[in-house]
Amino acid sequence: MCGIIGFTGRLEAQKILTEGLAALEYRGYDSAGIAYFKDTGKISIRKTVGKVKDLLAICDDENNSTCGIGHTRWATHGEPSDVNSHPHFNKEKTIAVVHNGIIENYLELKAELQAEGYEFISQTDTEVAAHMVSKYYEGNLLDAVYKATARFRGAYALGVICTDNDQELVAVRKDSPLIVGLGEGENFIASDIPA
Ligand code: GLU
């Protein structure tokens with residue numbers, strides 16, 4: 001169980017996300033990644049096995065995104081690898097998810113989703129969350145996250161973004177740490193105070 005950071009506001013998100021992940025390094029991790037909005041209305045994901053410095057090496061020099069999520073992973077389901085690193089996308093790449101914890105009933109949920117045509121590219125329990133939020137998404141991200149997490153057993157902290165609103169960040173937690181920082185014109189989520 002490792003680190004989550006999320007930001008929505010007016011400042012450059014990539015810098016805040018990567019600095020936040022660096023501040024969570026003490027928790028130990030095997031991979032790191034971020035997702036943020038591109039000005040094209042798409043979500044861009046950068047992720048890699050290794051350390052935050054390895055992530056920085058594949059990030060843009062700068063970008064003007066002001067909302068995003070970041071993750072440091074301590075693999076529980078699926079080996080440490082680029083594809084298993086977070087964030088994870090739904091099929092259409094319109095929803096991105098970071099997750100700390102373990103979704104205990106992920107195999108049963110994965111089988112259900114696969115039977116409905118959802119395709120998985122990673123070995124993680126977390127990818128179930130991305131597809132499950134997608135399955136329930138009908139224009140209201142918070143509602144979809146409520147419905148998806150109602151299906152989960154286990155421990156989770158999740159940060160979720162969707163291309164339909166490039167300033168919205170939805171977070172939820174159960175038995176995994178996650179704190180919320182409410183500011184003026186900007187809000188944060190993080191696994192721990194240093195971030
Ligand atoms: N269970 C998830 C995975 O293996 C999240 C692990 C974590 O908390 O970092 O990818």
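Heads up: numbering here begins at 1 and tracks the sequence. Counting starts at 1 for both ligands and their atoms, in listed order. Below, each value reflects all heavy atoms present in this structure, side chains not excepted, and no hydrogens, waters or symmetry copies.
Ligand 1 has no N or O atom lying under 3.5 Å from any N or O atom of Ile102, backbone or side chain. For ligand 1, none of its N or O atoms has an N or O atom of Asn84 under 3.5 Å away. Note: an N/O pair closer than 3.5 Å links Asp125 and ligand 1 by distance alone.
Distances below 4.0 Å separate heavy atoms of Asn100 from the following atoms of ligand 1: 7 (C), 8 (O), 9 (O). Numbered from 1 in the order shown, with element, the atoms of ligand 1 that lie under 4.0 Å from a heavy atom of His71 read 9 (O). Set against the non-hydrogen atoms of Trp74, the atoms of ligand 1 under 4.0 Å away are 6 (C), 7 (C), 9 (O). Near Thr124, meaning under 4.0 Å from one of its heavy atoms, ligand 1 places the atoms 10 (O).
The existence of a salt bridge linking Glu116 and Lys135 is confirmed by a sub-4.0 Å separation between a basic side-chain nitrogen and an acidic carboxylate oxygen.
In this structure, a donor-acceptor pair under 3.5 Å is absent between the side chains of Asn84 and His77. In the model, Tyr26 has a side-chain atom that pairs as donor or acceptor with a side-chain atom of Asp192 under 3.5 Å. With 3.5 Å as the limit, one finds a donor-acceptor pair spanning the side chains of Asp60 and Tyr36.
Not a single donor-acceptor pair under 3.5 Å links the side chain of Ser134 to the backbone N or O of Ala130.
Among Lys110, His99, His88, the one residue that satisfies the side-chain contact (heavy atoms from CB on, under 4.5 Å) test with Thr124 is His88.
Ligand 1 lies within reach of Gly101, whose nearest heavy atom is under 4.0 Å from it.
Listed by first and then second residue, the side-chain hydrogen bond (donor to acceptor under 3.5 Å, both in side chains) pairs that reach into residues 4-17 are Thr8-Gln167, Gln14-Asn63, Lys15-Glu19, sequence neighbours excluded.
Proximity of Thr76 to ligand 1, defined as any heavy-atom pair under 4.0 Å, is shared by backbone and side chain alike.
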